2 protein chains.
Amino acid sequence: MGFLSEIPNISFHNPIFCGILANTLLSTVPGVSGAGATPEKTLLTPVLDAELIIRGAITSHPVRPDTPTGCPTPASITRAMMNLCGIQPLFINAGLRHTPTVPCFDVYGSPGQDPRFYDAVPHAQDLVRKGEYIGSILSKNSDLLVVGECVPGGTTTALCVLRALGYEASVSSSFVNNPITIKEEICRQALKRIKADAITSPFDIIRYTGDPMMAVAVGIAQTYAGNLILAGGTQMLAVSAILKATGRSLPHIVTTSYVRDDPSANVREVAGQIGVKIIYVDPGFGDIGHSGLARYCIGEVKEGMGAGGAMCLACLLGHSPDTIRKTILAAVKAYC
Amino acid sequence: MGFLSEIPNISFHNPIFCGILANTLLSTVPGVSGAGATPEKTLLTPVLDAELIIRGAITSHPVRPDTPTGCPTPASITRAMMNLCGIQPLFINAGLRHTPTVPCFDVYGSPGQDPRFYDAVPHAQDLVRKGEYIGSILSKNSDLLVVGECVPGGTTTALCVLRALGYEASVSSSFVNNPITIKEEICRQALKRIKADAITSPFDIIRYTGDPMMAVAVGIAQTYAGNLILAGGTQMLAVSAILKATGRSLPHIVTTSYVRDDPSANVREVAGQIGVKIIYVDPGFGDIGHSGLARYCIGEVKEGMGAGGAMCLACLLGHSPDTIRKTILAAVKAYC
């Protein structure tokens with residue numbers, strides 16, 4: 001495979017890259033999310049990632065832009081690609097516990113609740129409508145929109161939504177040892193609530209067991225007039241599955257080859273069932289010359305903050321795989 | 001005079017209209033602001049105005065889109081123009097007491113404090129920097145930016161800033177009887193603090209006695225690469241005066257002829273001193289066939305939420321004065 005598994009057949013002049021930030025309180029359940037030093041600290045990760053991407057450094061908190069196990073965060077990759085492309089990314093606050101340190105397009109949502117016990121996104125329909133407004137406003141001045149996300153714990157909400165919509169999904173994880181037992185147990189309890197209340201409509205499924213990012217992403221996809229790329233793995237599969245259930249046409253998904261190759265997930269199979277096309281980016285981190293990036297290949301981190309979509313966008317803008325790899329390496333070395 | 005006092009010499013393809021929303025606690029001082037049924041309710045006005053413009057109606061609160069004295073709000077005019085032009089406006093939350101009901105680009109500021117007693121905008125420099133980021137992001141996908149504002153009490157902060165910068169300004173007001181005594185007394189106390197601390201730098205003057213809108217507007221103006229129009233009266237004069245003091249080139253101002261003709265203000269003189277060009281829009285509300293709009297001519301409301309800039313933009317996009325007037329009349333009649 002080359003750098004991209006397939007060249008997307010799109011032409012564009014004015015691209016926008018945006019990242020949808022949200023929390024789900026599921027990330028505070030011990031063992032669910034690896035996106036933070038402690039379960040509670042995972043709630044801050046979207047804020048820190050956005051700060052890194054916009055400002056080039058995290059100065060608001062004494063943390064480094066790598067994971068607890070020492071891998072460079074996907075946000076570092078996204079930052080490097082935005083710099084390379086001269087693109088100023090836009091962040092959307094779909095519902096965060098902590099106040100962002102950089103300006104965000106804010107829909108004034110709340111963090112997603114624990115779907116085992118509560119409606120996860122009580123105002124899902126309102127968030128979809130606000131996403132529609134954002135899609136509409138971004139349509140006026142761009143013809144390609146790459147939408148990434150940062151939602152610690154979001155693969156678990158994705159699992160719940162995909163299962164609730166009838167897909168036999170197994171989801172990816174930023175942990176090398178995917179905490180399947182915990183996720184499956186959460187999913188079992190969430191689906192029990194959904195079944196008890198006979199919930200079947202896609203927006204109600206977001207309300208019961210999704211997260212705020214999904215609602216906003218679905219809204220954006222419903223109104224954005226240009227080429228749309230959903231940049232992410234299983235979480236963007238969940239967004240696609242919701243769009244499919246509402247009868248909407250499906251955008252492409254772009255993610256890394258490390259998500260595809262995750263033996264604990266079945267991304268390709270579920271994508272096939274949904275009917276959404278996935279383009280995989282293989283940045284060849286195995287021999288890039290950085291042990292932390294190399295560990296993406298053995299299943300750590302794998303993707304996040306639209307890193308796959310950001311690398312794809314750089315490629316579409318004419319940057320060679322070699323330049324992209326060198327830029328990423330230089331960026332992550334600068335943080336060491 | 002025709003509809004525009006002068007045709008601005010600009011060409012553009014992708015216009016953006018944005019409104020910067022903010023509060024200053026000065027609007028809660030009885031008699032300072034007419035932009036709300038009570039002093040406390042003026043704090044909610046930016047939120048309601050943005051809701052009206054985006055959604056076409058105010059449904060979050062039981063209020064009508066007219067002033068306490070029965071004039072249609074400037075936001076009604078801006079809404080009508082956005083509809084006519086097919087433009088989706090963008091709102092920026094520079095620091096509000098109440099949570100917006102529509103998505104806003106949020107810099108996570110706070111309402112401005114009372115400059116008689118406290119620093120009005122303690123983090124002015126940070127807000128300028130965030131405005132710079134917004135100006136930079138908007139530059140990528142547009143070539144004309146019309147920036148309006150909604151800051152109840154903002155003519156008083158404008159008075160303070162202009163005086164602190166050495167201009168002998170008298171400022172406009174949305175009241176037909178401009179509460180000059182109250183404003184002058186507030187200004188006297190604010191300037192006393194500034195003098196006592198020997199404050200002279202423009203950003204420090206915002207910090208001492210400005211409002212959050214000014215900081216964000218200045219930041220945007222410092223980085224926006226296309227044609228920039230500041231849409232407003234004395235408040236945009238204050239923004240221009242700050243830009244002048246920082247050595248920046250000055251954008252045009254567009255406002256209504258009703259601001260120019262306010263006998264209690266001296267907009268033209270101050271503009272001349274600053275060296276900023278003002279283009280006046282005369283929509284001829286006197287004979288438009290609506291008593292509330294006609295009262296703009298005798299000095300009520302006069303301007304707000306970039307209404308003058310919105311009418312100018314419609315004109316630049318090729319809509320005739322007749323169409324613009326008919327559209328506004330139909331819009332305000334629909335609310336009756």
Side-chain angles (χ1 to χ4, degrees), chain A residues 12-18 20-21 47 50-51 53-55 59-60 82 85-94 96 98-110 123 126-145 216 219-220 223-226, chain B residues 12-18 20-21 47 50-51 53-55 59-60 82 85-94 96 98-110 123 126-145 216 219-220 223-226:
Chain A
F12 62 93
H13 300 287
N14 295 307
I16 291 181
F17 182 95
C18 85
I20 306 180
L21 314 177
V47 170
E51 181 176 327
I53 293 173
I54 298 294
R55 298 201 176 153
T59 57
S60 66
M82 295 299 105
C85 299
I87 288 179
Q88 192 66 280
L90 171 72
F91 289 101
I92 297 170
N93 181 347
L96 291 170
H98 299 285
T99 302
T101 53
V102 298
C104 293
F105 214 149
D106 202 320
V107 298
Y108 302 105
S110 306
H123 304 292
D126 182 55
L127 289 189
V128 170
R129 189 165 70 144
K130 287 174 170 172
E132 288 171 351
Y133 161 73
I134 293 177
S136 155
I137 205 166
L138 297 179
S139 293
K140 299 285 179 185
N141 301 82
S142 73
D143 53 2
L144 170 63
L145 178 63
V216 172
I220 290 173
T223 57
Y224 187 70
Chain B
F12 62 92
H13 300 288
N14 295 309
I16 291 181
F17 182 96
C18 84
I20 305 179
L21 314 178
V47 170
E51 182 175 326
I53 293 173
I54 298 294
R55 298 200 176 153
T59 57
S60 65
M82 294 299 106
C85 299
I87 289 178
Q88 191 67 279
L90 170 72
F91 288 101
I92 297 170
N93 181 348
L96 290 171
H98 299 285
T99 303
T101 53
V102 298
C104 293
F105 214 149
D106 203 319
V107 298
Y108 302 105
S110 307
H123 305 292
D126 182 56
L127 289 189
V128 170
R129 188 165 71 146
K130 288 174 170 170
E132 288 171 352
Y133 162 73
I134 293 177
S136 155
I137 204 167
L138 296 180
S139 293
K140 299 286 180 184
N141 301 82
S142 73
D143 53 2
L144 170 63
L145 178 63
V216 172
I220 290 174
T223 56
Y224 187 70

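Residue numbers begin at 1 in each chain, while the letters A, B, ... track the order of the sequences. Quick caveat: nothing in here was measured; it's all calculated off a predicted structure.
- Counting heavy-atom pairs closer than 4.5 Å to chain B, the top-ranked of the candidates A:S136, A:P100, A:S139 is A:P100.
- In terms of heavy atoms, B:K140 sits closest to A:G86 at NZ-O, 2.9 Å.
- Atom SG in B:C18 sits 9.5 Å away from atom CD1 in A:I137 (nearest 0.5 Å).
- Looking at every heavy atom in both residues, A:R55 comes nearest to A:V102 through NE-CG1, 4.0 Å.
- Interface check for chain B: of the options A:L138, A:D126, A:I16, the most heavy-atom pairs under 4.5 Å are formed by A:I16.
- Neither the backbone nor the side chain of B:I92 comes within less than 4.5 Å of any heavy atom of chain A.
- Between A:F105 and B:F105, the ring-plane angle classifies as parallel under the 30° and 60° cut-offs.
- Looking at A:T101, only its backbone comes within 4.5 Å of chain B, counting heavy atoms on both sides.
- When the candidates B:I87, B:V107, B:L90 are compared by the number of heavy-atom contacts under 4.5 Å with chain A, B:L90 comes out ahead.
- Dense packing is recorded around NE2 of B:H98, with more than 12 heavy atoms of other residues, nucleotides or ligands lying under 6.0 Å away.
- With a threshold of 4.5 angstrom between heavy atoms, A:S142 approaches chain B through its backbone and through its side chain.
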